[in-house]
There are 2 protein chains.
Amino acid sequence: MGSSKTILFSNSQNQLAEFAKALGHPARIAILQELIKRKCICGDLVEILPLSQSTISQHLKALKAAGIIEGEIEGTKVCYQIKEDSWNMAKTLLNTFLKNPLDCC
Amino acid sequence: MGSSKTILFSNSQNQLAEFAKALGHPARIAILQELIKRKCICGDLVEILPLSQSTISQHLKALKAAGIIEGEIEGTKVCYQIKEDSWNMAKTLLNTFLKNPLDCC
DNA sequence: TTTATCTATCGTAATATTACGATACAAGTG
DNA sequence: CACTTGTATCGTAATATTACGATAGATAAA
């Protein structure tokens, strides 16, 4: 156990939960806020956030896995930015749920 | 480790993350949807959801801890319902973040 | 080429989450 | 009183998450 039984729920319920889970850590909220302001390399976020480089890299990986951000390689750096289409889709899904919880899933 | 360093982030960021985390499981999404339709005792949810009674009780505990629902004892049963004020506050906070991620935290 | 920079990943550890069955407790029912 | 019902909690187990330091690998700079 320890893993969610996602097979037993609807796609919308799973998508919604997955997106909410991605937002479910203050560091990832902070990262998103910074990425909304400007594109960042991992090092920028390391300077801002009180967490180690490896930990921030993990959080970036989680946001990337959820489809919310994307990274573009620029030399030795990786430039992260919001992935607008998926981010908008996620926002719409969550907004719909908050406004009309029964019509969305 | 394994626990979030909440001390290092703002109250809003932590609140937002905590609320999102509560929504971060499809079973809890499903429970919320049912509770929005009608008040439920734990047993009602056990019939609807493909999870055991103890597991559902745990999810209810998580939603209660996040302040989203409340339970009222009625004899041997506990009648759960949305805690409207906190739920509205949580929705507002999340909505604000989704619309204006920088103005809210 | 050597060196510096940047990031992902590995290894590790602590803690949290998810899930289930079993059980205990409380409150009605007979 | 004994019995049923409903739920929370305990015990347990598997897996996930969070966090860090160390390191490897890739690229840019000297």
Side-chain angles (χ1 to χ4, degrees), chain A residues 1-9 13-14 17-32 34-35 39-66 68-81, chain B residues 1-9 13-14 17-31 34-35 39-66 69-81:
Chain A
M1 299 128 201
S3 67
S4 302
K5 295 188 146 186
T6 55
I7 317 128
L8 306 171
F9 299 95
Q13 286 170 333
N14 285 324
E18 198 187 334
F19 175 53
K21 201 174 177 182
L23 298 182
H25 192 290
R28 291 195 290 272
I29 296 284
I31 288 172
L32 275 179
E34 198 58 29
L35 289 181
K39 294 184 186 181
C40 281
I41 64 169
C42 181
D44 294 333
L45 298 165
V46 173
E47 281 180 21
I48 293 169
L49 301 177
L51 294 171
S52 75
Q53 182 270 322
S54 55
T55 300
I56 289 176
S57 190
Q58 269 186 336
H59 283 303
L60 287 168
K61 193 179 181 184
L63 289 169
K64 204 172 152 192
I68 298 175
I69 67 171
E70 60 189 345
E72 201 179 336
I73 298 170
E74 290 185 358
T76 63
K77 309 176 184 179
V78 177
C79 189
Y80 284 96
Q81 60 184 316
Chain B
M1 297 127 202
S3 67
S4 302
K5 294 186 147 188
T6 56
I7 317 127
L8 307 171
F9 299 96
Q13 286 170 333
N14 284 324
E18 200 187 332
F19 175 53
K21 200 173 178 183
L23 299 181
H25 193 290
R28 291 194 290 270
I29 296 285
I31 288 172
E34 198 59 30
L35 288 181
K39 293 184 187 182
C40 280
I41 63 169
C42 181
D44 293 333
L45 298 164
V46 173
E47 281 179 21
I48 292 169
L49 301 177
L51 294 171
S52 74
Q53 183 269 323
S54 55
T55 301
I56 290 178
S57 191
Q58 269 187 334
H59 283 303
L60 286 168
K61 193 180 180 182
L63 288 170
K64 203 172 151 192
I69 66 171
E70 59 189 345
E72 201 178 335
I73 298 169
E74 289 184 0
T76 65
K77 309 175 183 181
V78 178
C79 190
Y80 284 97
Q81 60 184 316

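A note on names: the letters A, B, ... follow the listed sequences, proteins ahead of strands, and every chain is numbered from 1. Scope of the values below: all heavy atoms of this structure, side chains included, with no hydrogens, waters or symmetry mates.
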Without swapping roles, check the side chain of R28(A) against the backbone of H59(A) for a donor-acceptor pair under 3.5 Å. no
Please report, rounded to the nearest Å, how far the [atom2] atom of [N] is from the [atom1] atom of [X].
X	N	atom1	atom2	answer
K21(A)	dA16(C)	NZ	C1'	11 Å
L45(B)	dG6(D)	CG	P	14 Å
I73(A)	dT5(C)	CD1	P	21 Å
K77(B)	dT29(C)	NZ	P	9 Å
H25(B)	dT15(D)	NE2	C1'	12 Å
E70(A)	dT7(C)	CD	C1'	17 Å
E18(B)	dT18(D)	CD	P	14 Å
L8(B)	dC20(D)	CG	C1'	14 Å

L60(B) or G2(A): which one's nearest nucleotide on DNA chain D is closer to the 5' end? L60(B)
Using a heavy-atom cut-off of under 4.0 Å over every strand shown, decide if [X] touches base, sugar-phosphate, or nothing.
X	answer
T55(A)	base
S4(A)	sugar-phosphate
L51(B)	sugar-phosphate

Go through dT18(C), dT9(D), dT7(D) for me and flag the one nearest to the K61(B) side chain. dT9(D)
With the side chain of Q53(B) defined as its heavy atoms from C-beta on, choose the nearest nucleotide among dT15(D), dA22(D), dT7(D). dT7(D)
Between K5(A) and V46(A), name the one whose nearest nucleotide on DNA chain C is closer to the 5' end. V46(A)
Looking at every heavy atom in both A17(B) and I29(A), which two are closest together, and how far apart are they? CB-CG1, 4.3 Å
Side chain of [X], base of [N]: donor and acceptor closer than 3.5 Å?
X	N	value
T76(B)	dG28(C)	no
Q58(A)	dA8(C)	no
S52(A)	dG21(D)	no

Can you label the angle between the H25(A) ring and the F9(B) ring as parallel, tilted or perpendicular, going by 30° and 60°? perpendicular
Student check: side-chain heavy atoms of E72(B) and Q81(B) closer than 4.5 Å: yes
Within the structure provided, determine whether E70(B) and K64(B) are in side-chain contact (heavy-atom separation under 4.5 Å). no
Phosphate OP1/OP2 of [N]: any [X] side-chain N/O under 4.0 Å:
X	N	result
H59(B)	dA19(C)	yes
K64(B)	dA8(D)	no
S57(B)	dA8(D)	yes

N/O donor to acceptor pairs below 3.5 angstrom from side-chain atoms of residues 40-54 of chain B, sequence neighbours left out:
residue	atom	partner	partner atom	Å
D44(B)	OD2	I41(B)	N	3.0
S52(B)	OG	S54(B)	OG	3.3
S52(B)	OG	T55(B)	N	3.3
S52(B)	OG	T55(B)	OG1	3.0

